[in-house]
Amino acid sequence: GTRTGTGAFLPHPPGVSPGVRGCVWRVEGIPSSPRVSPSIPRGCICTTGVCLEGGGSSARSCGTNDRVGASAAASFATRKQETKADASIEMADAPKKRTFKRFTYRGVEIEKLLDMGTDELVELFPARARRRFQRGLKRKSLALIKKLRIAKKQAPHGERPDAVRTHLRNMIIVPEMIGSVVGVYNGKTFNQVEIKPEMIGHYLGEFSITYKPVGHGRPGIGASTSSRFIPLK
């Protein structure tokens with residue numbers, strides 16, 4: 001150490017001779033305060049062993065501690081890399097946000113479909129549906145759309161509207177019907193169908209099957225020669 005003009009005793013790194021008014025040792029890149037009081041009127045500030053201030057013997061003697069500064073800088077760089085690695089691991093562990101695919105009908109989004117007029121909407125439909133709309137909808141078809149509108153208005157916010165029963169299996173689904181519930185008759189019962197955007201341009205009858213699919217199992221008695229009924233004597 002060395003004594004300054006004020007009589008205070010200042011510690012000094014081993015192997016380094018004191019400067020004119022004391023040497024302040026600081027390694028470059030490490031945000032730490034000097035080892036001595038900042039009230040020293042004059043001194044030398046050493047970064048990685050190179051004296052930037054001061055003169056005379058301090059400039060020559062401070063260069064003897066290059067190894068100390070280099071090792072400290074290397075340790076600081078290692079800690080910095082570890083911090084970056086920990087941050088990248090935390091980002092990888094964070095849950096990813098789900099991305100939902102926006103539905104489009106022939107390249108047009110639902111919002112634009114709802115704003116379209118009847119003539120513009122018909123141009124997007126296939127040939128059979130275009131012919132049907134160009135010839136005009138019947139009274140029963142228009143009455144069904146009107147009932148669906150009323151059911152939507154009467155439904156509470158965030159809940160499904162009441163089902164509207166119909167026998168019109170050949171009714172073509174339009175964007176205005178999205179979100180409604182239709183009871184489509186299949187010849188015996190009314191099957192409830194919730195209209196979704198993917199159903200635009202299809203018939204209601206496609207979603208209410210008229211038969212019960214057969215589940216084939218083992219053959220019954222008498223179905224083949226090997227399984228014929230043999231009476232007991």
Side-chain angles (χ1 to χ4, degrees), residues 80-219:
K80 193 173 181 180
Q81 291 178 356
E82 292 176 355
T83 305
K84 288 183 178 180
D86 296 340
S88 61
I89 292 174
E90 290 179 359
M91 292 178 63
D93 294 341
K96 296 182 179 180
K97 293 184 179 180
R98 293 180 60 186
T99 56
F100 297 95
K101 182 180 179 181
R102 297 180 64 86
F103 176 79
T104 57
Y105 179 75
R106 303 205 172 207
V108 183
E109 296 183 356
I110 299 178
E111 292 79 4
K112 295 182 180 179
L113 287 174
L114 294 173
D115 296 336
M116 280 185 177
T118 305
D119 296 336
E120 296 177 348
L121 182 62
V122 168
E123 295 299 325
L124 299 176
F125 284 159
R128 172 52 54 182
R130 283 202 307 271
R131 175 180 169 82
R132 174 78 174 278
F133 279 95
Q134 287 171 358
R135 290 175 65 87
L137 294 178
K138 303 297 182 181
R139 179 177 56 85
K140 292 184 178 180
S141 300
L142 296 175
L144 173 62
I145 295 177
K146 185 177 180 179
K147 288 181 181 179
L148 294 176
R149 289 176 187 164
I150 296 173
K152 272 188 177 182
K153 290 181 179 180
Q154 295 178 350
H157 180 70
E159 296 186 8
R160 290 172 51 180
D162 295 334
V164 178
R165 292 185 172 187
T166 182
H167 284 252
L168 300 176
R169 296 176 55 86
N170 62 347
M171 177 64 187
I172 298 175
I173 297 174
V174 294
E176 188 180 357
M177 299 168 63
I178 294 175
S180 301
V181 181
V182 184
V184 185
Y185 192 64
N186 67 348
K188 184 178 181 181
T189 58
F190 291 91
N191 297 327
Q192 290 192 4
V193 179
E194 184 178 359
I195 308 300
K196 297 182 179 180
E198 292 81 7
M199 300 179 182
I200 295 176
H202 292 267
Y203 293 97
L204 286 176
E206 298 181 37
F207 307 101
S208 179
I209 194 169
T210 58
Y211 62 91
K212 182 178 180 181
V214 179
H216 294 283
R218 297 179 60 183

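Everything quoted here is computed from the prediction, not taken from an experiment.
For the pair L204 and V182, the minimum side-chain heavy-atom distance is below 4.5 Å.
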Return a table of donor-acceptor pairs under 3.5 angstrom between the side chains of residues 119-141 and protein atoms on other chains or two or more places apart.
residue : atom : partner : partner atom : Å
R130    : NH1  : F125    : O            : 2.8
R132    : NH1  : N170    : O            : 2.8
R132    : NH2  : N170    : O            : 3.3

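Every residue meeting the side-chain contact (heavy atoms from CB on, under 4.5 Å) condition with T210, not counting sequence neighbours, appears here in chain and number order: R169, N186. Residues satisfying the side-chain contact (heavy atoms from CB on, under 4.5 Å) criterion with Q154, sequence neighbours excluded, are I150. The side chain to side chain donor-acceptor pair (under 3.5 Å) test applied to E176 returns R149, not counting sequence neighbours. For H167, there are no side chain to side chain donor-acceptor pair (under 3.5 Å) partners two or more places apart in sequence or in a different chain. Remark: E198 engages no residue in a side chain to side chain donor-acceptor pair (under 3.5 Å) (not counting sequence neighbours).
One N or O on the side chain of E206 and one on the backbone of Y203 form a donor-acceptor pair closer than 3.5 Å. A donor-acceptor pair under 3.5 Å links the side-chain atoms of S208 to the main chain of V184, judged by distance alone. Side chain of T166 to main chain of L168: a donor-acceptor pair is present (N/O by atom type, distance under 3.5 Å, no hydrogens or angles).
The nearest pair of heavy atoms linking G187 to Y185 is O-OH, 3.1 Å. Contact between M199 and E194 at its shortest, heavy atoms only, is CE-O, 3.3 Å. Here the closest heavy-atom approach between residue D162 and residue A151 is recorded as O-CB, 4.0 Å. In terms of heavy atoms, I200 sits closest to Y105 at O-CE1, 3.7 Å. Between P161 and A155, the shortest heavy-atom distance links the atoms CA-CB, 3.6 Å.
Atom CD1 of I178 and atom CD1 of I173 lie 9.0 Å apart (nearest 0.5 Å). In this structure, the separation between OG1 on T104 and NZ on K112 is 10.5 Å, given to the nearest 0.5 Å. For the atom pair CG of L148 and CD1 of I195, the computed distance is 7.5 Å after rounding to the nearest 0.5 Å. Note that CZ of R165 and CG of N191 are 10.5 Å apart. Values are rounded to the nearest 0.5 Å.
The number of heavy-atom neighbours closer than 6.0 Å to NZ of K152, taken from other residues, nucleotides and ligands shown, is above 12.
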